[in-house]
Number of protein chains: 2
Amino acid sequence: MVSLKDIAEKCNVSVATVSKALNGKEDIGKSTRDKIRRIAEEMGYLSNASARALKTNRTYNIGVLFIDQKEAGLAHEYFSKILESFKSHAEDKGYDITFINRTVGGMQSSYLKHCIYRSFDGVAIICADFTDPQIEELATSGIPAVTIDYTYPDCPSVISDNTKGLQELTNYAISRGHTRIAYIYGDDTEVTKKRLMGYYDSLYSANIPIRNEYVIAGQFHDIDVAEAATKQLLSLKEPPTCIIFPDDYSYFGGRKAIFEAGLSIPNDISVIGYDGIQTAKIYGLTTYAQDTTSLGTIACRKLIDAIEGNSYSNDCSIVSGSLFPGNTVAQI
Amino acid sequence: MVSLKDIAEKCNVSVATVSKALNGKEDIGKSTRDKIRRIAEEMGYLSNASARALKTNRTYNIGVLFIDQKEAGLAHEYFSKILESFKSHAEDKGYDITFINRTVGGMQSSYLKHCIYRSFDGVAIICADFTDPQIEELATSGIPAVTIDYTYPDCPSVISDNTKGLQELTNYAISRGHTRIAYIYGDDTEVTKKRLMGYYDSLYSANIPIRNEYVIAGQFHDIDVAEAATKQLLSLKEPPTCIIFPDDYSYFGGRKAIFEAGLSIPNDISVIGYDGIQTAKIYGLTTYAQDTTSLGTIACRKLIDAIEGNSYSNDCSIVSGSLFPGNTVAQI
DNA sequence: TTTTTTTGCGAAAACGCTTCCATCTCGAAA
DNA sequence: TTTCGAGATGGAAGCGTTTTCGCAAAAAAA
């Protein structure tokens, strides 16, 4: 590989001068600068990221935590879209993306140690189990960090407006004449709490009594659980006329139960998802499309602000999505 | 951050000794080695990846090319599952994964230059447009590389057995009594060529004449194109009784056309996908599940072999998948 | 005992880069 | 004329490692 030294020799200048020319420093003659740049280009020079990092303590590398909870991982459209958007924004700004894991040198270690070892300039926690103490350790370690869909104290975050999402969906069902609206909620997380708030709020505002048997626990991205929960709802003496699932994917499980019960959608029962994934939209599922592009971009912008220290805002941005009406909620 | 020097001072030995102790070199006393290791642990020492890379020319970092063709990108289940599997195998072996892009320092450049700049030990080309000259440049640059679903000369690869896949699917349709089997093939790539071979071979072996109007061009992962192609097939004087789609996702487009034509699956027409993605399986789509776990693992193993120089096999591994019968092919 | 071998450890260079500071030149001000 | 300051350039240190080589001490052989 061609190094600064090679260019220096070819140009009859010092290594220091070459470095300055290439980095656009001020104290250098215009003509020498241009010459050095031209020669460097000709020789196909590329700076050595390791050497530069060693000297400057900046890697221009962002660690991304993206954990494969329940085998969904990268294949989970919501998260992978966010990652996609985050990544492309980061690349525009000159940062690369490396996955964080809990090994260093092939040995079990911790997320934080891995990040320190790799000297990431910052980390983005996109998809993770926020109850894992290792995650909290990382988010609050002092390394610039940003979290998505969860907020730690003193760590900037961006979250999807889950309350609003469930409000809009519930309101939509109400506007179509439904009052027996069930909600199968997801895992016990912040996201779920926020969504429940939206659900309760909508019903309350519409003066619809809340029925406990209509609010049952499910899990995110789990077909079997959704199927079982749906069966449970359908077996009530007075079953709901509309079911809201934890997410679009879970809906596919509920659908199975509904069909097996000999019911049709939306004539016999209405259904609603959450996320706005492609395959759900194709089926015309009524859902709430989260704005993954904004989530990723904003998260990245905040992280880079934190890294570079300008206008650093240690707050929580809330991004709202949009209702996708579909055709799975019947007018009553 | 604590460095070798800090440990050396605390232990009253030289930096060289500490390095050797921590790296398990031979010429060092057992007791000093243990002491150094203990102190290092206590002080929370982590070696500096940049410094080490600078000195050794090894980054233990693998570049992964994963390009978002037609907006599918990370959300494409087939590729993201492969990446997932590749990643986890790499991490076990002490390698990290960084995404390749065509910028360096935020400026437009090329994939190869980006990889050189980052000094990746090797690169994996998982999802890309293999006709792009920049990809070929990268694959044949001399940097250890592995490609998936495409083979360049002198570059190890692993490909899914596409010929076999289409043979099995076609044979399955034939075994269910079909003879008017259409195939909407994907983009003009190696993968498509191989699959067409399988399709033709199956029909030929079964003495079923090949009808040109049944073999039409579609695209991978494109719902609209699949919908149009399906319409075209359905409008034939003698439409097929079974349609094989480029992939599971495309099927969702075809499904639309079929329903709009007032037909039902599989009573009026049988359908077959390819890939074995979750949502397709849920719907009972007859498909061919590719073995993404093996694809990722084998690719990673080959790449690391190439990097580390042991038993380096510059060949092409073929991985077969398995038929998922589903219930979308009627018995005739 | 002396000689040889083995073992344990350290000095120092090098990897490629950035940056502080010193030096030198030259035109402008005094 | 001398003095100054600005502009251009280079020397050199240092970032945290690894690794070669040399040296001393201890152990083994003579």
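In this text the structure is predicted, and so the values were computed from the model without any measurement. Lettering follows sequence order; numbering is per chain, from 1.
- Counting to the nearest Å, the P atom of C:dG16 and the OH atom of B:Y117 are 16 Å from each other.
- At the heavy-atom level, B:N12 lies under 4.0 Å from the strands shown only through sugar-phosphate atoms.
- Nucleotides of DNA chain D that come within less than 4.0 Å of any heavy atom of chain B span, from the 5' end to the 3' end, D:dG16 to D:dT19.
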Would you sort out whether A:Y150 and A:I135 count as a side chain to side chain contact (heavy atoms under 4.5 Å, CB included), showing the intermediate values? CA-CA 11 Å; A:Y150 189 86; A:I135 306 280; over 6 Å; no

With side chain to side chain contact (heavy atoms under 4.5 Å, CB included) as the test, would you mind laying out the steps for B:E190 and B:N162 before giving the verdict? CA-CA 9 Å; B:E190 270 317 296; B:N162 287 290; over 6 Å; no

Go through A:D129 and A:I67 one step at a time and tell me if the side chain to side chain contact (heavy atoms under 4.5 Å, CB included) criterion holds. CA-CA 8 Å; A:D129 172 9; A:I67 299 305; over 6 Å; no

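- Between the side chains of B:T103 and B:N101, a donor-acceptor pair is found at a separation under 3.5 Å.
- A:Y78 is linked by a ring-ring contact (aromatic ring centres under 6.0 Å, His included) to nothing, counting only residues two or more places apart in sequence or in another chain.
- Helix bend of the helix from C:dT1-D:dA30 to C:dA30-D:dT1: the angle between its two end axes, each built from five pairs, comes to 60° after rounding to 10°.
- One distance of note links CD1 of A:I143 with CD1 of A:I307; it measures 10.5 Å at 0.5 Å rounding.
- The stretch residues 13-33 of chain A touches DNA chain C through A:V15, A:A16, A:S19, A:K20, A:N23, A:K25, each having a heavy atom under 4.0 angstrom from the strand.
- Contacts of residues 54-63 of chain B with DNA chain C (heavy atom under 4.0 Å): B:L54, B:K55.
- Within a 6.0 Å sphere centred on CG of B:D188, heavy atoms belonging to other residues, nucleotides or ligands number 12 at most.
- Within residues 93-116 of chain A, no residue has a heavy atom under 4.0 Å from DNA chain C.
- Residues passing the salt bridge (Lys or Arg N to Asp or Glu O under 4.0 Å) test with B:R37, sequence neighbours excluded: none.
- At least one side-chain heavy atom of A:F120 sits less than 4.5 Å from a side-chain heavy atom of A:T98.
- Relative ring orientation between B:F79 and B:F66 is described as perpendicular, the plane-to-plane angle rising above 60° on a 0-90° scale split at 30° and 60°.
- The neighbour count for A:M1 CE, taken as heavy atoms of other residues, nucleotides or ligands under 6.0 Å away, does not exceed 12.
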Result block: side-chain N/O donor-acceptor pairs under 3.5 angstrom for residues 18-29 of chain A, not counting sequence neighbours:
{"unit_1": "A:S19", "atom_1": "OG", "unit_2": "A:N23", "atom_2": "ND2", "d": "3.4"}
{"unit_1": "A:N23", "atom_1": "ND2", "unit_2": "A:S19", "atom_2": "O", "d": "2.9"}

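- By the side chain to side chain donor-acceptor pair (under 3.5 Å) test, A:T32 pairs with no residue at all, sequence neighbours left out.
- Taking CD1 from A:I7 and CD1 from A:I39, the interatomic distance works out to 9.0 Å, rounded to the nearest 0.5 Å.
- Residues from residues 39-50 of chain B placing a heavy atom under 4.0 Å of any atom in DNA chain D, listed by number, are B:Y45, B:L46, B:S47, B:N48.
- Applying the side chain to side chain donor-acceptor pair (under 3.5 Å) rule to A:R52 yields the partners A:S47; only residues at least two apart in sequence or on another chain are considered.
- No donor-acceptor distance shorter than 3.5 angstrom exists from the side chain of B:K5 to the backbone of B:V15, with no hydrogens or angles considered.
- Under the side chain to side chain donor-acceptor pair (under 3.5 Å) criterion, B:K87 pairs with no residue at all, not counting sequence neighbours.
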